Amino acid sequence: MPASPARQKARRQAVPDSAYPRLLLAWYDRHRRALPWRALPGQAADPYRVWLSEIMLQQTTVKAVGPYFEKFLARWPSVAALGRASQDDVLRMWAGLGYYSRARNLFACAVAVSRDHGGAFPDTEVGLRALPGIGPYTAAAIAAIAFGRHCMPVDGNIERVVSRLFATEDALPQAKPKISQLALTLAGEARAGDSAQALMDLGATICTPKKPACALCPLNEDCAARARGDQETFPRKAPKVTGKLRRGAAFVVTRGDELLVRTRAEKGLLGGMTEVPGSDWIAGQDDTIARQQAPALPGVARWQRKPGLVNHVFTHFPLELVVYTAAVPARSRAPDGMRFVKIATLQHEALPNLMRKVIAHGLGDGKPIRR
DNA sequence: GAAGCGTGGTC
DNA sequence: TGACCAAGCTT
């Protein structure tokens, strides 16, 4: 298709073009991805499925979300059903997916929708925004996809597509408002939800971070960054800092076929999740200090240091744990705040992946803890 | 506004 | 292999 005069102008001046929504939707109708939470073409989306998927998809890949979405939907088919669950059940089901505050907020949101909204999600961006775990992106996504509101969620995909299309020089996150404003010009009047999903699909499959497939892009003739040949350098971003290595010790204590565990504090890192007792995690800490934070266990003949280390990388710091093991007599009691659980039933605990690694290392049987 | 918050995949 | 990225939210 030859570029219209308006689109040639867009190429030079990075100005929104009224043809973008139409081009985008035409592409979407041919190339949309089939995803478990997506309605069939032309059908109304189920707000519960849209919400559940959007929460799971925050900073998480489609591939990782798939099985979790199916599991949740099978166990809790409606927001009312989820609202009647317990937070601990939700955390157990969420274990392994990461960012556990999402699971706590998911449950809190289900309770709020059931209790304060008669079991129906608010159908406006503002109404949705007031619910736990729903921020600017998710509110706009649900409002557009589930309720057809004329708004545009801006995720990492859409930031990339839009920043390339208009070659926006400002670095993120400062550029967020400008990109958000430009993104809204890409929303169709009638099909705002499809417009949003079209941009996300485009970002996920064509306008990728590296080696974008510009030849296949419906907006390629209009893309300011492509005209300059530096697509991959967008979006501009402020440099991010990686955290310092922290070290600590973890203590794997068995009593016959049971393991000593405790529950982490409700908030913060791995909040509300199950762990084995351990030391603080501190940059520059040495083994001896960490070792001294072992739980007081009468009857422990000696701690055994497991050869090797458990390494784990969080978003904001890498972690290196030394693992100590001990076996206590059959009738030993768990220290205050801790409990013994059957090793065979660990799969039912809310165990973050870090702890699965620690326990597998400590038990030394090479068997991963099933999920 | 910046920092805290998981995990897995990619190059 | 370390850095980056993935449908961000909360404080």
Side-chain angles (χ1 to χ4, degrees), chain A residues 33 35-38 45 49-69 91 94-106 108-109 128-146 152-161 171-177 180 183 193 196-205 207-212 232-233 235 237-243 245-246 264-273 275 281 311-319 350-357 371:
Chain A
R33 292 178 291 174
L35 299 170
W37 43 87
R38 244 179 214 179
R49 297 168 69 111
V50 173
W51 164 71
L52 181 58
S53 67
E54 288 299 343
I55 301 299
M56 289 183 167
L57 286 162
Q58 289 167 7
Q59 299 289 282
T60 308
T61 58
V62 165
K63 184 182 175 197
V65 165
Y68 283 86
F69 179 79
L91 279 177
W94 194 278
L97 198 54
Y99 284 138
Y100 298 100
S101 68
R102 291 185 298 171
R104 301 193 298 272
N105 285 328
L106 184 83
C109 184
L128 288 159
R129 183 69 182 79
L131 290 165
I134 298 185
Y137 163 79
T138 306
I142 299 174
I145 297 170
M152 181 60 83
V154 180
D155 71 337
N157 287 309
I158 297 182
E159 279 176 353
R160 189 169 56 253
V161 173
L172 288 168
Q174 292 79 10
K176 192 109 188 168
S180 191
Q197 295 178 93
L199 275 179
M200 291 185 216
D201 279 14
L202 192 62
T205 63
C207 194
T208 48
K210 301 199 172 158
K211 301 190 185 306
E232 278 195 34
T233 67
K237 288 191 176 177
K240 62 178 66 171
V241 291
T242 56
L245 174 69
R246 300 186 198 179
R264 290 181 64 90
E266 184 66 19
K267 292 196 168 183
L269 185 65
L270 305 175
M273 302 294 285
E275 68 173 1
W281 302 338
N311 285 286
H312 193 76
V313 180
F314 292 104
T315 308
H316 49 304
F317 67 91
L319 177 66
L351 274 186
N353 274 9
L354 166 63
M355 286 301 145
R356 289 173 198 268
K357 287 193 220 173
R371 184 172 296 140

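Please read all numbers here as calculations on a predicted model, not as lab measurements. In what follows, every chain begins at residue 1, and chains take the letters A, B, ... in the order their sequences are listed.
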Is the shortest side-chain N/O distance from A:His316 to OP1 or OP2 of B:dC5 below 4.0 Å?
yes
On a plain distance test, is the side chain of A:Arg33 in donor-acceptor contact with the base of C:dA7 below 3.5 Å?
yes
Closest to side chain of A:Tyr100, choosing from C:dC9, C:dA7, B:dT7:
B:dT7
Looking only at atom P, what distance separates C:dA6 and B:dC5, rounded to whole Å?
22 Å
Does the side chain of A:Tyr137 come under 3.5 Å of the side chain of A:Glu54 through a donor N or O and an acceptor N or O?
yes
Would you kindly give the NZ-to-P distance between A:Lys210 and C:dC5, to the nearest whole Å?
7 Å
Looking at the side chain of A:Asn157, which of B:dA2, B:dT7, C:dA7 is the nearest nucleotide?
C:dA7
Output the rounded distance in Å from CE (A:Met200) to P (C:dA6).
13 Å
Let's see if you can work this out: which of B:dT7, C:dT11, C:dC9 has an atom nearest to the side-chain heavy atoms of A:His312?
B:dT7
Using a heavy-atom cut-off of 4.0 Å across all strands, would you classify A:Leu199 as base, sugar-phosphate, or nothing?
nothing
Gap in Å between the two C1' atoms, one belonging to C:dC4 and one to B:dG6, rounded:
15 Å
If you assign A:Glu54 and A:Lys267 each to the DNA chain C nucleotide with the nearest heavy atom, which residue ends up on the more 5' nucleotide?
A:Glu54
Looking at A:Gln58, does any N or O in its side chain come under 4.0 Å of the phosphate oxygens OP1/OP2 on C:dG8?
no
Does A:Trp94 reach the side chain of A:Tyr100, with side-chain heavy atoms less than 4.5 Å apart?
yes
C:dT10, C:dC5, B:dC5: which one has an atom nearest the side-chain heavy atoms of A:Lys237?
C:dC5
Rounded to whole Å, the CG-P distance (A:Asp201 to C:dA7) equals 10 Å
Output all residues satisfying side chain to side chain donor-acceptor pair (under 3.5 Å) with A:Ser53, sequence neighbours left out; order by chain, then residue number.
none
Counting only distance, no hydrogens or angles, is the base of C:dG8 paired donor-acceptor with the side chain of A:Tyr137 under 3.5 Å?
no
Could you label the plane-to-plane angle of the A:Trp37 and A:Phe69 rings as parallel, tilted or perpendicular, counting under 30° as parallel and over 60° as perpendicular?
perpendicular
Counting the atoms with a prime plus P, OP1 and OP2 as sugar-phosphate, which does A:Pro132 contact under 4.0 Å by heavy atoms, base, sugar-phosphate, or nothing?
sugar-phosphate
Side-chain donor-acceptor pair under 3.5 Å between A:Gln58 and A:Arg102, yes or no?
no
OP1 or OP2 of C:dT10 under 4.0 Å from side-chain N/O of A:Tyr99
no
What contact category does A:Trp51 fall into here, base, sugar-phosphate, or nothing, at under 4.0 angstrom with non-hydrogen atoms?
nothing
Donor/acceptor link under 3.5 angstrom from A:Thr60 side chain onto base of B:dG6:
yes
Rounding to an integer number of Å, can you tell me how far A:Trp94 CH2 sits from C:dC9 P?
12 Å
Tell me if a side-chain donor or acceptor on A:Ser180 pairs with a main-chain N or O of A:Lys176 at a distance below 3.5 Å.
no
Can you check whether A:Asn105 has a side-chain N or O nearer than 4.0 Å to OP1 or OP2 of C:dC9?
no
Just the rounded figure in Å: distance from C1' of C:dC9 to CZ of A:Arg102.
10 Å
Sugar-phosphate only, base, or nothing, as touched by A:Val313 at under 4.0 Å among non-hydrogen atoms:
base
Looking at the side chain of A:Thr138, which of C:dG8, B:dG6, B:dG9 is the nearest nucleotide?
C:dG8
Remember a base hit wins even if backbone is also touched, and classify A:Ile158 as base, sugar-phosphate or nothing at under 4.0 Å, heavy atoms.
nothing
Using the P atoms only, state how far C:dA7 lies from B:dC11, rounded to an integer number of Å.
15 Å
Which part of the nucleic acid does A:Ile55 contact within heavy-atom distance under 4.0 Å: base, sugar-phosphate only, or nothing?
nothing
